[in-house]
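We name chains A, B, ... by the order of the sequence lines, and we start the count at 1 in each one.
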There are 2 protein chains.
Amino acid sequence: MVSRDKLPPLASIRAFEAAARLESFARAAQELGTTAASVSYHVRQLEQQTGLRLFVRHPHRVELTMAGVAVASEATAAFAALRASFVKARDRDEARLSLTALPTLGTSWLTPRLGLFRARHPDIAIELELSAEPQPLGDGRFDAAIRHGLGDWRGLRSVRLFPVLFTPLCAPGLKGAVGDLEDPSRPLGVPLLGRPDWWASWYRALGVAAGPPPGRFGTSLAAEHLDIAAAVAGHGIAIGSPILFRDEIAAGRLVPAHDLVAGDGRAFWFVYPVVRLQSPKIARFRDWLCDEAAAATAPMRNLIDHAVILEP
Amino acid sequence: MVSRDKLPPLASIRAFEAAARLESFARAAQELGTTAASVSYHVRQLEQQTGLRLFVRHPHRVELTMAGVAVASEATAAFAALRASFVKARDRDEARLSLTALPTLGTSWLTPRLGLFRARHPDIAIELELSAEPQPLGDGRFDAAIRHGLGDWRGLRSVRLFPVLFTPLCAPGLKGAVGDLEDPSRPLGVPLLGRPDWWASWYRALGVAAGPPPGRFGTSLAAEHLDIAAAVAGHGIAIGSPILFRDEIAAGRLVPAHDLVAGDGRAFWFVYPVVRLQSPKIARFRDWLCDEAAAATAPMRNLIDHAVILEP
DNA sequence: CTAGAGGCTAAGCCATATTTATGGTCAGCC
DNA sequence: GGCTGACCATAAATATGGCTTAGCCTCTAG
């Protein structure tokens, strides 16, 4: 005899439950997407395991026994509860999407657009955390992230948004004060703002091996968007992405200080764990985000195509 | 995305539930009688199917997420309910054992012994129905049967109890009045009781081709045990089983009218559906019945071994 | 600092469940 | 009253899915 409190095979219970509810092996097979023979096998299996007679077989119909009725009703309830618990968990999970992104991207590009997402998907609340350090996904804190890099994070699905680019940007009033930007050895009149390594990269893209000397830089700020804000205030020439700061340029608060747009081969990616490929809320956000990224890059096609991409 | 109300694979839910309850894949594997790799696989499977993150993986321990806690508690409850329903159904089913048997065996052999079974197994109530026609098993009316035959009923498990034998029996006072039983053509002085075909078989076993002429028989009764009762009353010589009527013989109410014991190759069998091999109540009754049959036949070993068995 | 425990991944195998095919029985229907 | 179709049982072959095995990494404990 089978142990008194061991659960019989669940597949068999499932087949039995459907057969009992539908009062037919054939219909149960249909519901379960299998064959009547399979249902018959499973029900018999269950009867043998439990020692209970669950169905009385009549030549072309089956009838539940007393024991069968009792077990079936409880099994139906148990399966319903199980299904309900998953649905409920998913509903709750669906209502909140937690993201992490880099401060610059979050502040200058993502935040202004999130309202549009919320308007289109009012059932999903977005939580956005900004941090310079990439936060790990998969520990339950974040559903997805926007990162920059090469898109090769293992265990994560990466969807490319747009390339990481940089170009000198300054306030319109400063444009005249800018001397010969192309030669880092000649005095410039205004300080450079932003990460020195980006400036160095940009000069490499220009064909100049030596980056600007340290004395050229103004106050060093924590993040790209802060440098840009400083540039808007007329404190110098910042280096930044023409895609991220397109609105500033379009509004005339910033102008390119030079035509050359450089890139380092990296891009911004929307990333989320492969195990959550099936998550509808992530899929919805991803699709929306891709559309936004496409809309943001389409008018800049020409600029992007002519960017000088350095080998990483 | 997986359909909103489709139940994920039950095997995966089961693995997850155990892992959640025990807070360890390794212990869950142990409980489920499988390996940690399998549990890991199933949990991952479930997470992919549902799009829910259920566990946070720490290097050498796992931790339930919010969603995991919610699902796990409901899953545990659902499984418990399922298990309970089977246990309850079995308990209820266990309390009553319904049997069908032949009238003669039931009246003369089984009924006197049932009290002993009840005394030893007070939790099982026996229902016994006697009928000359073999009742079908498997339609829910009877759990098991005692039949006579060759033990080759398909779909049924047969356990041999003792052989079907027959020998002439009469009241002690009649023994002297019996003439030459061995020659069916010579007058006998007393009528023969019981089924003419059994008498014919008995004479064949004796080596006499011709059975007794019809005129030799007394009143024809419906069942063997009624013939035996008539014999006890001194109305003639009955043919019947020395095993079934052992008590009558031991008490001196009947004596063998001849030494020859014949058999037709058949036996009494305890039979029950193969699908109920696991049924504890049937197993208990079967074991008890076999013991009783063994106890009843042991003292008659010699007699049984010397019986003349006819080819069926 | 080593040993042990816990978990992940990958790959190959095996078992389990399903399919396919056949047969039998009954109900409905010309 | 036979025919046809629906339904279930059974058996054998197949295939898919899940298990196991083996190796690795990380962390904890002694």
Side-chain angles (χ1 to χ4, degrees), chain A residues 7-49 53-65 68 136-140 153-156 273-275, chain B residues 2 7-49 53-65 68 136-140 153-156 273-276:
Chain A
L7 204 57
L10 287 163
S12 297
I13 303 182
R14 190 150 165 61
F16 162 72
E17 189 273 334
R21 183 160 34 78
L22 300 170
E23 295 179 317
S24 154
F25 286 10
R27 280 197 295 276
Q30 201 174 6
E31 172 174 305
L32 297 171
T34 180
T35 62
S38 167
V39 175
S40 171
Y41 167 84
H42 276 299
V43 171
R44 187 161 302 272
Q45 188 90 337
L46 188 59
E47 288 180 324
Q48 288 183 1
Q49 292 263 346
R53 157 103 2 89
L54 298 170
F55 276 109
V56 179
R57 271 76 165 180
H58 293 113
H60 84 136
R61 131 192 93 95
V62 288
E63 184 192 353
L64 280 173
T65 61
L137 295 182
D139 64 358
W153 296 280
R154 43 175 282 133
L156 301 179
V274 270
V275 296
Chain B
V2 75
L7 204 55
L10 288 163
S12 297
I13 303 182
R14 188 149 166 62
F16 163 71
E17 188 273 333
R21 183 161 32 79
L22 301 170
E23 294 179 316
S24 154
F25 286 11
R27 281 197 294 277
Q30 202 174 4
E31 172 174 307
L32 297 172
T34 180
T35 62
S38 167
V39 175
S40 171
Y41 167 84
H42 276 300
V43 171
R44 187 162 304 273
Q45 188 91 338
L46 188 59
E47 288 180 324
Q48 287 184 0
Q49 292 264 344
R53 159 101 3 87
L54 298 170
F55 276 110
V56 179
R57 270 76 164 181
H58 294 112
H60 94 131
R61 129 193 95 94
V62 287
E63 183 192 354
L64 279 173
T65 61
L137 295 182
D139 65 357
W153 295 280
R154 44 177 281 133
L156 301 180
V274 270
V275 295
R276 306 203 67 190

Between N or O atoms, less than 3.5 Å apart, protein on one side and nucleotides 8-11 of chain C on the other: list the pairs.
from	atom 1	to	atom 2	distance (Å)
C:dC8	OP1	B:Arg57	NE	2.9
C:dC8	OP2	B:Ser40	OG	3.0
C:dT9	OP2	B:Arg44	NE	3.4
C:dT9	OP2	B:Arg44	NH2	3.4

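For B:Ser24, the side chain to side chain contact (heavy atoms under 4.5 Å, CB included) partners two or more places apart in sequence, or in a different chain, are B:Ala26, B:Arg27. Partners of A:Thr34 by side chain to side chain contact (heavy atoms under 4.5 Å, CB included), not counting sequence neighbours, listed by chain and number: A:Ala29, A:Leu32, A:Ser38, A:Val39. Applying the side-chain hydrogen bond (donor to acceptor under 3.5 Å, both in side chains) test to A:Arg44 and every residue at least two apart in sequence or in another chain returns nothing.
End-to-end axis angle of the helix from C:dC1-D:dG30 to C:dC30-D:dG1, using five pairs per end and rounding to 10°, comes to 30°.
Checking the phosphate oxygens (OP1, OP2) of C:dT19, a side-chain nitrogen or oxygen of A:Thr35 falls inside 4.0 Å.
Atom C1' of nucleotide C:dA17 and atom CZ of A:Arg14 are separated by 15 Å, given to the nearest angstrom. Computed from coordinates, the A:Leu10 CG to C:dT16 P distance equals 16 Å when rounded to whole Å. In this structure, B:Arg61 atom CZ and C:dG4 atom C1' are separated by 18 Å, rounded to whole Å.
In plain terms, the two heavy atoms of A:Leu46 and A:Pro8 that are nearest each other are CD1-CB, 3.5 Å. Among all heavy-atom pairs drawn from B:Ala28 and B:Ala15, the shortest one is CB-O, 4.5 Å.
Within the structure, salt bridge (charged side-chain N to carboxylate O under 4.0 Å, His left out) pairs that include any residue of residues 13-24 of chain B comprise B:Glu17-B:Arg21, B:Arg21-B:Glu31 (at least two apart or interchain). Under the ring-ring contact (aromatic ring centres under 6.0 Å, His included) criterion, the residue pairs touching residues 7-49 of chain B are B:Phe16-B:Phe55, B:Phe25-B:Phe55, with sequence neighbours excluded.
Under the 3.5 Å distance criterion, the side-chain polar atoms of B:Thr65 are matched with a main-chain donor or acceptor of B:Arg53. The backbone N or O of A:Val56 lies less than 3.5 Å from no partner atom in the side chain of A:Glu63, so there is not a single donor-acceptor pair.
Here B:Gln48 contributes atom CD and B:Ser12 contributes atom OG; the two are 10.0 Å apart, rounded to the nearest 0.5 Å.
At a threshold of 4.0 angstrom between heavy atoms, the contacts of A:Thr34 are confined to the sugar-phosphate backbone, with no base atom among them.
Heavy-atom contacts of chain B under 4.0 Å fall on DNA chain D between two terminal nucleotides, which in 5' to 3' order are D:dG18 to D:dT28.
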